[in-house]
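Worksheet: the structure to be examined is printed underneath.
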Amino acid sequence: MKPSVPKGTRDFLPAEVIKRNFIFKTIRETFVKYGYQPIETPVMENLSTLTGKYGEEGDRLLFKVLNNGDFLSKANEKALAEKDSNGVLASISKRGLRYDLTVPFARFVVMHQNDIAFPFKRYAIQPVWRADRPQKGRYQEFYQCDVDVVGSESLMYEAELVQIYDEVFAKLNLKSVIKINNRKVLYGMAEAAGVADKFVEMTTAIDKLDKVGIEGVRKEMRERDIDDAAISKIEKMLEITGLAELKAAFTETETGRKGIAELEEFHAYFDTKQPTNKVVFDITLARGLNYYTGCIFEVAADKEAYPDLVMGSIGGGGRYDDLTGIFGMKGVSGVGVSFGAARIFDVMEEMNLFPAETGETLQILLIALDDEAHKYAFRQLNALRAAGINADLYPEAAKMKKMMKYANARNVPFTAIIGSEEMKTGKLAFKNMETGEQEKLGTGEIMERLKGYRKSNL
RNA sequence: GUAGUUGUAGCUCAGUUGGUUAGAGCGCCUGGUUGUGGUCCAGGAGGUCGCCGGUUCGAUUCCGGUCUUCUACCCCA
């Protein structure tokens with residue numbers, strides 16, 4: 001049988017895992033610095049927790065887990081006979097794989113509300129699953145790195161989360177653009193144009209502006225029964241780049257003015273520190289997830305810095321006023337953002353942004369030339385490891401060529417060759433694999449040389 | 001979910017208007033070189049031509065189905 005992995009999933013080679021861990025480590029350290037604590041939730045959730053939280057499209061993309069045992073005997077027979085997949089689903093599947101980390105978090109907060117202190121700041125770095133058609137930068141299994149805070153309406157947190165975005169991407173040396181908008185501003189636009197009832201249709205249309213142009217947006221809004229008068233009003237508002245201008249257009253919409261006030265409040269906090277990356281107000285930013293209610297964020301790699309790169313958003317998030325409400329806990333507001341680790345990885349790989357030392361973790365490989373030397377080498381190996389050096393010993397006294405080839409394959413920066421001569425003097429043949437230079441050094445001297453050199457425990 | 005696309009050696013890819021032993025480069029193994037890898041030279045191993053079925057004297061090649069890859073739509077990280 002030919003081995004394979006399911007569609008949209010993949011294996012990771014050591015070098016890839018090390019690189020990915022470099023991303024995780026950078027993100028995690030930043031989260032912790034800003035006062036967030038780790039939690040974990042199961043990969044499976046009850047389907048009742050997940051369904052209906054991501055819109056109709058999201059429900060379709062949920063992975064369902066078949067019930068154990070003789071599931072068909074308990075299936076809804078009528079639905080089964082009619083081949084009604086949706087009807088039969090509830091009777092044969094009660095669990096599903098998590099689609100994101102935010103909804104399970106909301107469930108977590110409600111269940112553990114008496115065990116946690118509000119505002120509760122948590123982070124989670126775990127895989128999620130979506131039954132989407134795979135494409136570039138789109139997988140069925142991928143990691144999300146989420147930070148959220150629930151139990152406070154302070155716009156301080158919006159500012160803090162954008163600072164986290166800025167800091168992480170600065171540390172990763174990935175030039176990015178952080179786009180900001182507010183759902184209330186979008187609602188205000190719909191209200192000002194007199195199509196508040198077409199709010200969702202309007203936002204999904206204008207979200208595509210940079211992709212399909214103003215003509216495409218106009219076309220889509222027409223197809224979704226938004227009249228021409230409203231469309232021209234919306235178009236005018238889309239040209240606005242400053243909040244002050246927008247305010248003038250929002251005299252008739254209280255929600256819209258509230259949205260602007262929130263953005264101004266955000267800036268009052270955020271503008272106290274100069275960001276490294278671009279942070280811009282983008283009135284066309286909409287985001288599909290329909291639980292957002294206030295500020296929304298999206299991050300993309302900077303097209304000016306990487307003109308050849310084609311990649312969707314590498315992060316997103318926003319404020320959700322009542323996510324816990326559906327689980328029976330009213331009036332708890334939350335805000336959070338997510339990092340798409342797989343896409344960040346792809347961008348960094350494509351643009352060559354990983355530091356050179358994130359490839360291999362081994363610092364030195366010992367090579368013994370005969371059985372006696374091999375035992376001696378193992379003692380030196382113990383000493384090196386005790387000193388905290390990532391060291392290994394070739395498992396037998398094989399041909400020099402074979403052992404050196406292995407050293408090359410491991411991409412190890414140094415080797416130490418040990419034969420009868422070295423055993424006599426206690427000085428090992430310490431070799432730099434890049435330059436080929438070789439010198440006689442005692443184990444203690446080798447420890448000094450290697451301390452901190454390309455030291456990585458990822 | 002809709003439409004298209006891809007699959008041949010470990011990797012990247014040729015090729016076959018249906019016909020006997022399916023090729024290249026890189027990689028791998030052995031030797032040249034008994035304590036020195038990356039270069040060079042010589043030799044070698046490695047293929048159910050994605051899978052299942054159909055047409056045919058004969059299918060890797062044609063047809064159907066299926067899985068997979070990549071892409072557009074949808075949606076999204």
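A, B, ... follow the sequence lines: proteins, then strands. Residue 1 opens every chain.
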side-chain hydrogen bond (donor to acceptor under 3.5 Å, both in side chains) pairs touching residues 364-376 of chain A, sequence neighbours excluded, are none
Below 3.5 Å between N/O atoms, which protein atoms pair up with nucleotides 68-70 of chain B? Just atom names and distances, please.
{"from": "B:U69", "atom 1": "OP1", "to": "A:G8", "atom 2": "N", "distance (Å)": "3.2"}

On the ring face of A:F414, is A:R449 found with NZ or CZ under 6.0 Å from the centre and within 45° of the axis?
-> no
Would you indicate whether A:E304, at its atom CD, is surrounded by more than 12 heavy atoms from other residues, nucleotides or ligands within a distance under 6.0 Å?
no
Using only side-chain N and O atoms of A:K211, determine if any of them is under 4.0 Å from OP1 or OP2 of B:C73.
-> yes
By side chain to side chain contact (heavy atoms under 4.5 Å, CB included), A:S420 pairs with (sequence neighbours left out) none
Open item on the list: Treating A:T204 as the side-chain partner and A:E201 as the backbone partner, does any N or O pair qualify as donor plus acceptor under 3.5 Å?
Closed with: yes
Looking only at B:U2, B:G35, B:A77, the nucleotide nearest the A:Q144 side chain is B:A77
P-based separation of B:U48 from B:U60 [nearest Å]:
13 Å
Salt bridge (charged side-chain N to carboxylate O under 4.0 Å, His left out) with A:E45: of A:K53, A:R107, A:K94, only one passes, and it is A:R107
Encoded 5' to 3' (Watson-Crick or G-U under 3.5 Å; [ ] crossing; | other strand), RNA chain B becomes ((((..(..((((.....[...)))).(((((.......))))).....(((((..]....))))))..))))....
Of B:U36, B:A77, B:G37, the nucleotide closest to the side chain of A:A429 is B:U36
Atom CD of A:E437 and atom P of B:G37 are separated, to the nearest Å, by 17 Å
Might you confirm whether atom CD of A:E40 has over 12 heavy atoms from other residues, nucleotides or ligands at distances under 6.0 Å? no
Has A:F142 got its ring stacked on the base of B:A77, with centres under 5.5 Å and planes less than 30° apart? yes
Same-atom distance (C1') from B:C74 to B:G4, integer angstrom: 15 Å
message = Counting distance alone, no hydrogens or angles: does the base of B:G37 have a donor or acceptor under 3.5 Å from a partner atom on the side chain of A:K431?
response = yes
Is A:K399 close enough to B:G31 that one of its side-chain N or O atoms is under 4.0 Å from OP1 or OP2 there? yes
Quick one: which protein N/O atoms are closer than 3.5 Å to N/O atoms of nucleotides 51-53 of chain B? Pair and distance per line, please.
none

Every protein N/O lying under 3.5 Å from an N/O of nucleotides 42-47 of chain B:
none

Applying side-chain hydrogen bond (donor to acceptor under 3.5 Å, both in side chains) to A:D59 and not counting sequence neighbours gives none
At less than 4.0 Å, is any side-chain N or O atom of A:K208 found next to OP1 or OP2 of B:C74? Yes or no. yes
Here the distance between atom P of B:C76 and atom CD1 of A:I296, to the nearest Å, is 11 Å
By ring-ring contact (aromatic ring centres under 6.0 Å, His included), A:F297 pairs with (sequence neighbours left out) none
- In terms of heavy-atom contacts, does CZ of A:F281 have more than 12 from other residues, nucleotides or ligands at under 6.0 Å? yes
The side-chain hydrogen bond (donor to acceptor under 3.5 Å, both in side chains) partners of A:E437 (sequence neighbours excluded) come to none
Taken in chain and number order and not counting sequence neighbours, the residues that satisfy side-chain hydrogen bond (donor to acceptor under 3.5 Å, both in side chains) with A:Y34 are A:E167
*Under 3.5 Å, is there an N or O donor on one side and an acceptor on the other linking the side chain of A:Q438 and the base of B:G35?*
no
Per the under-4.0 Å heavy-atom filter, residues of residues 312-320 of chain A near RNA chain B come out as A:S313, A:I314, A:G315
**Prompt:** ring pair (Phe, Tyr, Trp, His ring centres under 6.0 Å) between A:Y143 and A:F24: does it pass, once the steps are laid out?
**Reply:** CA-CA 10 Å; A:Y143 272 83; A:F24 287 161; 5.1 Å; yes
Comparing nearest nucleotides in RNA chain B, the 5'-proximal residue of the pair A:R60, A:G340 is A:R60
Taken in chain and number order and not counting sequence neighbours, the residues that satisfy side-chain hydrogen bond (donor to acceptor under 3.5 Å, both in side chains) with A:D166 are A:N277
